[in-house]
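Everything numeric here is computed off the predicted structure, so don't read it as measured data. Below, all heavy atoms of this structure are taken into account, side chains as well, without hydrogens, waters or symmetry copies.
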Amino acid sequence: MEKVKKISDLFCELFISSDFNKVKVNEIFYLFKTLTKKEFIYLSVEIKNSINRKLSYSYDFILDKKLLYSLDEEKQVMLLGMCTFHPNGYVRERYFNYLLNYNIEMIFPFILLRCADYVNEIGYKGTKYLLNILTLQNIKIIIENMFIIEKQKYLIRFHYESIIEKIESIYKENDLTNLLEKYLTKKDEFLREYALLKLISFKNITLENKVKYILGEKILPIRAKGFQNLITNLEEKDIIYLKDFFIKDKSSKIRKLMLNELLRINYYNKPSDLMEFAIDSNISIREDGRYYMKKFGFNDFIAFYIDKVKNNYTDGALYGLCEVAGKKEFEILKQYSTGYKTKIEKKILKTLALLDFNNSINIILKYLQDEKAGYSKIAKGILIEHKGEFNEEKVYKILKFSTIEHVKINSAYILINLNKWISIKYIIEFISYKDKKLKEIAYEGLTSWIYNFNTNQTKPSEKEKEEINKSIKKYVAYLQEEILKQLIFLIPK
């Protein structure tokens with residue numbers, strides 16, 4: 001929040017610098033006008049903290065009146081409003097009283113914050129003033145400051161219920177559809193969400209129009225909230241009407257809600273009705289699809305997914321096959337382990353490793369060496385997960401001979417995460433490397449190795465002890481004296 005801090009610092013200069021002038025005020029105002037409502041709330045906290053750090057908590061906190069009244073009204077409100085962020089209640093109350101003489105639209109956000117003031121007199125005065133101005137004439141101002149109202153919802157001193165009740169009475173007594181529709185195209189996501197949910201709650205708006213509102217929203221979480229509110233307590237015919245609009249929606253949450261509602265009214269009653277859900281890109285929907293297909297008597301999901309993969313390939317079909325596959329499907333999945341999307345290949349590679357790790361190791365090592373960092377990272381995760389199940393020398397050779405930085409780094413991470421008595425020899429060796437990143441990884445691994453020393457009470461084999469001591473002897477010149485002492489102490493004789 002660099003912008004918020006900048007405003008706060010400049011504001012505090014008002015009371016420190018003797019040459020503070022209109023130019024500086026204009027700088028504050030320019031930044032202030034760009035604040036979101038969220039940043040405005042942060043500013044109130046930042047100014048309070050800055051005053052505590054840089055100025056006095058005392059009530060002797062005076063805004064230069066000559067400077068103040070030489071400014072236009074908006075800038076006056078801004079400075080007076082910021083004074084209401086002061087940590088001293090007396091100061092806040094004094095400047096709060098000044099604010100009440102100005103234009104409602106400009107002072108509204110400042111009033112809202114003071115409604116939750118921990119000084120009762122200020123909170124009471126702010127709430128009383130606010131309830132008086134919550135009228136149809138000010139509804140636009142109210143809507144545009146709903147973010148602040150909602151953010152103070154759980155503050156004990158904020159009379160949320162009374163405020164919301166007053167706002168709701170305005171909606172009940174007036175048709176504000178046209179006004180709220182204008183907010184559906186605003187850049188502010190909170191305002192769009194607020195307007196959408198409010199419009200969906202109106203009984204006088206048709207289902208067709210509510211559908212248009214939701215489909216017009218591009219941000220999927222907002223769209224899903226709108227749909228969730230829409231689908232509550234609908235009649236069966238209305239749920240069926242919504243199916244064609246939302247059963248294949250981009251939002252997986254909407255698709256799942258739609259499916260659940262259709263199942264609730266028994267719209268689907270045979271396995272073939274649910275096949276499209278069993279190959280959905282979302283795992284939760286795929287699980288629901290399989291669950292209800294099984295409930296209706298269908299069980300051969302392996303054959304189902306193999307057929308879908310071979311004849312009508314979709315991401316969901318491959319994901320589904322990974323979820324139900326057994327060892328017999330290893331070779332089929334192996335065919336799809338390269339040449340597809342990274343996300344799918346990651347799922348396939350993890351499945352192959354679970355089904356038959358020994359037969360997967362060459363594919364995984366190939367991924368580890370890939371020039372694409374994402375693919376190499378997938379292999380790193382799988383090999384760390386399966387430590388002790390492969391020949392680490394192969395990974396060591398990859399580290400030594402690869403010229404690709406991310407391959408070397410991923411290989412190093414695999415080696416320092418091996419069995420305790422195997423990993424230490426690699427950690428000691430990496431400390432001797434000139435490569436800064438590998439040296440950093442080595443010290444990171446050493447810290448973890450010492451901190452978690454022998455939590456499982458295992459002892460090194462004679463061969464492991466020999467390898468560790470050989471490594472210490474070879475790289476002793478690169479080990480700090482303190483580290484060397486710890487290693488000698490911790491490694492069994």
For the pair S8 (side chain) and V4 (backbone), establish whether a donor and an acceptor sit closer than 3.5 Å, ignoring hydrogens and angles. no
I'd like to know if the side chain of R114 and the backbone of T84 have a donor-acceptor N/O pair within less than 3.5 Å. yes
Is [Y] paired with [X] through a side-chain N to carboxylate O contact shorter than 4.0 Å?
| X | Y | answer |
| --- | --- | --- |
| K5 | D9 | yes |
| D249 | R223 | yes |
| K474 | E429 | no |
| E323 | K347 | yes |
| K437 | E405 | no |

Assess whether ring pair (Phe, Tyr, Trp, His ring centres under 6.0 Å) is satisfied between Y194 and Y183, documenting all intermediate values. CA-CA 9 Å; Y194 175 79; Y183 286 102; 8.3 Å; no
Examine [X] together with [Y] and report whether their ring centres are nearer than 6.0 Å.
| X | Y | value |
| --- | --- | --- |
| F40 | F110 | yes |
| F32 | F29 | no |
| Y268 | F277 | yes |

CD of E371 to CD1 of I404, rounded to nearest 0.5 Å, is 6.0 Å
With Y292 via ring pair (Phe, Tyr, Trp, His ring centres under 6.0 Å) - residues at least two apart: none
Just jot down the ring pair (Phe, Tyr, Trp, His ring centres under 6.0 Å) partners of Y267, sequence neighbours excluded, or say none. none
Around K397, counting heavy atoms of other residues, nucleotides and ligands shown, do more than 12 lie under 6.0 Å from its NZ? no
Where S376 and L368 come nearest, the two heavy atoms and their spacing: OG-O, 2.7 Å
